Structures are given as C-alpha cells and as structure tokens.
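Report on the structure given below.
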Amino acid sequence: MGMKKSKEKVFKQKVRKTSIWVKLLLPLILVIALLCVLLGLFSYNTLEEEMVAMGQSQALTVATLAEAQLDSSVVAEITQPGLEGSESYLSQQEILIEIQEKGNVLYIYTLFTDGEKVYYGIDADTTETACAIGEEFKYSYEELASVFNGEAYVEEEIDNSDGEALLTTYVPVTAEDGTVVAVLGCDYDASEILYELKDSQNKTLMLAVEGMAVGIAVIFFVIRSIMKGLTGVNAKLYDLVNNEGDLTQKLEIKSGDELELIGNNVNAMLEYIRGIMVNISSGST
C-alpha cells in the first residue's frame, strides 16, 4: 500500500518550472488580444475617417448652396453697423435662416475683412446672442486669407470644445466678375456623426471582446487536446517504469499525430531493450 501511494505521489508531482500548458496558452492569448485590439482600432479609425469625410462633403454642399442663393452685391454692401433691421439685411438673413433650418446647420453667417481683421456681416441667428455687423471674428485675415482669395475651406476635425459638435466650412461669396466680396461661414451640425461614431466604437469593442473570447476558447480546446495526449503518454510511460520491469507492455496511442509517432518509437525502444535483455540472459546461460 505504501509503495502504491509513493508511486501515485511521483506520478502526480508538479513540473519543476512552467508547464507546457502555460507556455502555449499564455503567448497565444496575448497574440489574440493584440490582434483583436489592432483590428478594432483599424476598423474604428477607418470608419471615423469615412464618416468625417462624409460630414465635410455635406457641410461644403450646404455652404455652396447657401452662397449661390445670396445676392453678392447686397452682401458686399452690408458692412456698416446698424443695418441689421434694413430690408437688404433681412432679405439675405431670411435666405440664411432657411438654409439653417433645412440644411442641418447650427450657425451660418457672412464675414468681411479690412485686410487685417475679419468681421461679422449677416448672421442667421435672430436671438440676443446674434453677432452684430462689424463685430470682430475669432480668426484673423491671415487665417482666412485663402478663402478671401477664392478657395473654399473645410475644417479637418469635428470641433466639440463648446459642447456642440461642429464641422465648419468657409466658402467665398463671389460677384459676377469673380471678385470675392465676402466669406460665408457655415457651422454644420456633426452631433449625429459623433453619435454614430460612439455607437460604432461600442460595437467594435464588443466584437473585439467576442472575437477574443472565441479565439481563446478555440485555443483552449486545442491545447487541452494536445495536453490530454501528452498526459496519456506520460501515464503509459509511468506504468511501464513502475510495472516490475515488464518490457512486454506497449503504448497504445491512436491519435494519428506526432504523439502516435512518439508512442511507436517508445514501443520500438522497448522492443530493442527486450531483445538486449534476452541476449544477455542467453549469454549468461
């Protein structure tokens, strides 16, 4: 009984360092986690670029349509403070208000310059927060010089600094002869884009976690199958070693993989040793 317990203790003893199970499972889990994170980031970044580009296109389209409906000669004349209630101001403001309501726009306005600073012209805002004619704009002429020279500009990123998601577009307001008389500023409402991006971010994260879980599960069962075969070989070898030196036993492994080859080689080695023992016994006799 004591010998049997001793043998079981030897068979169940732990490995000296890290087991094959951990050596295989841990690196593969890390690789899968890294791949899932990289794929998730790549997918999200690609989607973000596409959606922002779509928003920029929509903002530019709305601003271009608004500029086409304005009367450039009237817009060019509205540069003096106090003209907010004039018929010419109200006629152009009405156009901007209609664009604002139908074009998913938060703010739309015209700008003019004296060559150094930029000032507000017509503002579609009819509340107390509306910008008066001649009120200085936040950007200088140098920052908007390309627009005043006839080139449209759309901001590359969504501005969410003041709690409102904006994609701002600036397009030149040109006269019939092509002269730029003002600039139209259009703050496109990009809140829906941010909402879609947030939803996509959550879905991407969920898919990454699910993919990681599936990958780990598959690897777990594969490694478990391999370890089961190795444990079986180890158990058979243990029985051979601790079976009173019986060399007639054989390993019966029918896994069809390298473990079966190992078992066959062990059987060949036992048969070779058995032949040596028979020769020694015959020589002694």
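As the structure is a computational prediction, the values presented were derived from the model and not from experiment.
At a threshold of 4.5 Å between side-chain heavy atoms, the hydrophobic network of Ile, Leu, Val, Met, Phe, Trp and Tyr places V171 and I97 in two separate groups. One hydrophobic cluster, built from ILVMFWY side chains closer than 4.5 Å, holds both V214 and F221. Criterion: ILVMFWY side-chain heavy atoms under 4.5 Å apart, direct or through other members. Under it, Y109 and V181 are not part of a common hydrophobic cluster. The hydrophobic clustering, which links ILVMFWY residues whose side-chain heavy atoms are closer than 4.5 Å, places L166 and L197 apart. When hydrophobic clusters are built by joining Ile, Leu, Val, Met, Phe, Trp and Tyr residues whose side-chain heavy atoms come closer than 4.5 Å, directly or via intermediates, I29 is grouped together with F220.
Using a 4.5 Å cut-off on side-chain heavy atoms (C-beta onward), V147 and Y141 make no contact. Using a 4.5 Å heavy-atom cutoff, the side chains of I108 and D187 are not in contact. A heavy-atom distance below 4.5 Å is found between the side chains of I78 and S88. T174 is listed as a side-chain neighbour of E67, based on a closest heavy-atom distance under 4.5 Å. You'll find the side chain of K203 reaches within 4.5 Å of the side chain of D199, heavy atoms only. Counting heavy atoms from C-beta on, the side chains of I193 and I158 come closer than 4.5 Å. Contact check for L111 versus Y139: no side-chain heavy atoms found under the 4.5 Å cut-off. Side-chain contact between D71 and V75 is absent, with no heavy-atom pair separated by less than 4.5 Å.
Remark: side-chain polar atoms of Q56 are paired, donor with acceptor, to backbone N or O of E155 under 3.5 angstrom. Looking at S57, its side chain never comes within 3.5 Å of a backbone N or O of M54 through a donor-acceptor pair. At distances below 3.5 Å, not a single donor-acceptor pair connects side-chain atoms of Q93 with backbone N or O atoms of S91. Side chain of Y44 to main chain of L205: no donor-acceptor pair is present (N/O by atom type, distance under 3.5 Å, no hydrogens or angles). At distances below 3.5 Å, at least one donor-acceptor pair connects side-chain atoms of E135 with backbone N or O atoms of A132. No donor-acceptor pair closer than 3.5 Å links the side chain of T179 to the backbone N or O of A175. With hydrogens and angles ignored, the 3.5 Å screen pairs a side-chain donor or acceptor of E84 with a backbone N or O of I133.
Minimum interatomic distance between L60 and A152 (heavy atoms only, all atoms of both residues): CD1-CB, 4.0 Å. Annotation for L167 and A59: closest pair O-CB, 4.1 Å, computed over non-hydrogen atoms.
In this structure, L83 CG and L90 CG are separated by 10.5 Å, a value rounded to the nearest 0.5 Å. From Q92, atom CD reaches atom OG of S72 across 9.0 Å, with rounding to the nearest 0.5 Å. Once rounded to the nearest 0.5 Å, the distance linking CG of N104 with CD of Q58 reads 8.0 Å. Here E136 contributes atom CD and C131 contributes atom SG; the two are 11.5 Å apart, rounded to the nearest 0.5 Å. Taken from CD1 in I32 to CD1 in I219, the straight-line distance is 3.0 Å, to the nearest 0.5 Å. A distance of 6.5 Å separates CD1 in I122 from CG in L70, rounded to the nearest 0.5 Å.
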request  = Output, in order, the C-alpha distance, side-chain angles, deciding distance and verdict of side-chain contact (heavy atoms from CB on, under 4.5 Å) for M269 and N265.
outcome  = CA-CA 6 Å; M269 182 184 68; N265 290 329; over 6 Å; no
inquiry  = Using the rule given for side-chain contact (heavy atoms from CB on, under 4.5 Å), can you reason through E157 versus V52, listing the C-alpha separation, both sets of side-chain angles and the distance that settles it, and then say yes or no?
reply    = CA-CA 7 Å; E157 297 181 355; V52 171; over 6 Å; no
side-chain contact (heavy atoms from CB on, under 4.5 Å) assessment of E210 paired with L207 = CA-CA 5 Å; E210 291 177 353; L207 288 174; 3.9 Å; yes
ask   = Can you check side-chain contact (heavy atoms from CB on, under 4.5 Å) on Y272 and N267, steps first, answer last?
value = CA-CA 9 Å; Y272 177 73; N267 290 332; over 6 Å; no
message = Evaluate Q100 against Y107 for side chain to side chain donor-acceptor pair (under 3.5 Å), listing each step before the verdict.
response = CA-CA 7 Å; Q100 183 181 32; Y107 307 103; over 6 Å; no
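Of the residues L184, L144, V180, N149, the one that meets the side chain to side chain contact (heavy atoms under 4.5 Å, CB included) test with P172 is V180. Of the residues Y120, F112, Y119, the one that meets the ring-ring contact (aromatic ring centres under 6.0 Å, His included) test with F137 is Y120.
The ring pair (Phe, Tyr, Trp, His ring centres under 6.0 Å) check on Y195 picks up nothing, with sequence neighbours excluded.
Each salt bridge (Lys or Arg N to Asp or Glu O under 4.0 Å) pair with one or both residues in residues 90-114, not counting sequence neighbours, appears once here: E98-K102.
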